[in-house]
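Report on the following structure.
Just follow the structure's listing: the first ligand is 1, and inside any ligand the first atom is 1. Residue numbers start at 1 and run along the sequence shown. Heavy atoms only: backbone and side chains are in, while hydrogens, waters and symmetry mates are out. Predicted, not measured: the structure shown is a model, and the values here were computed from it.
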Amino acid sequence: MNIIYAPCTSRNASQSLPSRHNVVLIIFDDLRPTLGAYGDRLAQTPHLDAFAQGSSIFTRAYSQQALCAPSRNSLLTGRRPDTLHLYDFYSYWRTFVGNFTTLPQYFKEHGYYTYSCGKIFHPGISSNNTDDYPLSWSAPPFRPRTEQYMNSPVCPDRWGVLRKNLICPVHLQTQPYKTLPDIESVTEALRFVQSRAKSRRPYFLALGFHKPHINFRFPRQFLAHFPLSKFYNYTDDTLKPPDMPAVAWNPYTDVRARDDFKYANISFPYGPISTHQAAQIRQAYYAAVAYVDDLFGKFIAGLDLQSTVVVVLGDHGWSLGEHAEWAKYSNFEVALRVPLIIRSPEFPLEQAKRLYGITELLDVFPTLVDLAHLPALPTCNRTKMPPQLTCSEGKSLYPQMQGVGLATQHVALSQYPRPGLLPTKHPNSDKPKLHNIKVMGYSLRTDLYRYTLWVRFFAQNFTCDWNEVYGEELYDHRLDAGEEMNLASLSDFDEVRMRLRRRLLQAVGS
Ligand SMILES: *[C@@H]1O[C@H](CO)[C@@H](O)[C@H](O)[C@H]1NC(C)=O
Ligand SMILES: *[C@@H]1O[C@H](CO)[C@@H](O)[C@H](O)[C@H]1NC(C)=O
Ligand SMILES: *[C@@H]1O[C@H](CO)[C@@H](O)[C@H](O)[C@H]1NC(C)=O
Ligand SMILES: *[C@@H]1O[C@H](CO)[C@@H](O)[C@H](O)[C@H]1NC(C)=O
Ligand SMILES: *[C@@H]1O[C@H](CO)[C@@H](O)[C@H](O)[C@H]1NC(C)=O
């Protein structure tokens, strides 16, 4: 079975392929590439690492915005946050901008049985309070019943009093229904896979893990692999870059709000938090990742990988103290870079194939369409009015997986909004609501650089004034992978800076 079907002939694929592959999309909430397969030596992720062995590993994949709802809606509709006009949690694209076809909907319309298990769409208004059922899914999405306790006092302190803690290792016996949301989702996903075993109709299953998103609630035993001492000197770049514009800063308000951090009186907005608590956060993040890796292993053992395309990704990253920050909510590499691992029976691999080209989560939709040999998805013409309903703003990674794509010229475009020039609690500058947004930071990742431009944004009509610049950042990844030295004010870099600014404007489409 080494026949390779190029995307341009895929219109005939339904006749030429014996039967369609199932497709499984797995999303981990707030997962940065802290995986063994991505070279992280502290990580304990044997199941994801083993899975990655037979897969394509995209080493430089980026989210479109480091916040759940905008990132997921972008991934699932194949459109940028600017197209969806979604930078917060509070609008539904079908009624707000256009009745755009989603990734699962496209599979459903092409004969697949589609099912959502756990957190795929962000819950609430941004998916119409239904995870976009029925248009995206063949059956009502499964949400674990313990999900409702996500922000409840469920973390026993040393006296057994239940608290709303950030760091929350637990005994399952003490938890509501004696389980956790991700355990429930995996049980349901396995039940689903078994129930489809005899069906001739292919399925598209999306499985969304809640962890390692905060709070760090996981079965206690996962802490055992991670001695706290290993997490003190985790990273060198623990300082706020001296020339970083204040608008770029995010004061990690949600960490400060948790019971175990509230009383530490962390100075607003820049902190720092104590070195002990810093180590504890990192330890808990790694333990939470080990926990979901274990569940991933249980799930993947129940799949037939000979007949299933599987994609694994994080919706965005998380800063574990880099730049002295403890959250997503920014345009830094650590907040935007995610694991992206794709495995297809069409490309059997004896060892992992690393693909170093720059990719975006936007690329997942057209890539899965090509891997399933559905009719290729057109690229959206963003100036067309009214907008096309079925298209993608990303590019298919299928040619790269075939080994024919040239990836060196690709860039990733991300963005983050702010309500003003300084970090604030009210409005919360970590996650401003649309009507409060006054500044947009656009960030371009090229092969060598990250270039970020913060400009005036008008929420009434979704336009920017590109001449009103509030901050500019330039990081050279050859010398400064941690993005600690902002070079934007150095005249030696004027030429590079102006070239990248033009490239960014081109990518934004202005
Ligand atoms: C593709 O399908 C069309 C319509 O069914 C048919 O006319 C054409 O010959 C097919 N091409 C190939 C290469 O099978
Ligand atoms: C949106 O599109 C779907 C099919 O793609 C259709 O069933 C539905 O009626 C449309 N809704 C609106 C409001 O146009
Ligand atoms: C969104 O939800 C509302 C209220 O529950 C419902 O009437 C409407 O049909 C939903 N829209 C779509 C596109 O499913
Ligand atoms: C971290 O590094 C500092 C300076 O290099 C050293 O003094 C300290 O002992 C280290 N801490 C741990 C827990 O390894
Ligand atoms: C934090 O501030 C509160 C109120 O001012 C005070 O009671 C508490 O002792 C402080 N905690 C620490 C750790 O300094």
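The main-chain N or O of His435 is never found under 3.5 Å from a side-chain atom of Lys433 such that the two would form a donor-acceptor pair.
No side-chain donor-acceptor contact under 3.5 Å links Thr452 and Asn331.
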Go ahead and list the nitrogen or oxygen contacts between ligand 2 and the protein that come in under 3.5 Å, distances to 0.1 Å, or just say none.
| residue | atom | partner | partner atom | Å |
| --- | --- | --- | --- | --- |
| ligand 2 | 2 (O) | Asn99 | ND2 | 2.4 |
| ligand 2 | 5 (O) | Gln105 | NE2 | 3.1 |
| ligand 2 | 11 (N) | Asn99 | ND2 | 2.8 |
| ligand 2 | 14 (O) | Asn99 | ND2 | 3.2 |

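By the side-chain hydrogen bond (donor to acceptor under 3.5 Å, both in side chains) test, Arg418 is found to be paired with no residue, residues two or more places apart in sequence or in another chain being considered.
Atoms of ligand 3 found under 4.0 Å from any heavy atom of Asn128 (numbered from 1 in listed order, with element): 1 (C), 2 (O), 3 (C), 8 (C), 10 (C), 11 (N), 12 (C), 14 (O).
Both tests do not hold together for Arg456 against Tyr470: distance to the six-membered ring centre under 6.0 Å, angle to the ring axis within 45°. In this structure, Arg196 satisfies the cation-pi test against Tyr113, with its NZ or CZ atom closer than 6.0 Å to the six-membered ring centre and inside 45 degrees of the ring normal.
The existence of a salt bridge linking Glu360 and Arg60 is excluded, since no basic side-chain nitrogen approaches an acidic carboxylate oxygen closer than 4.0 Å.
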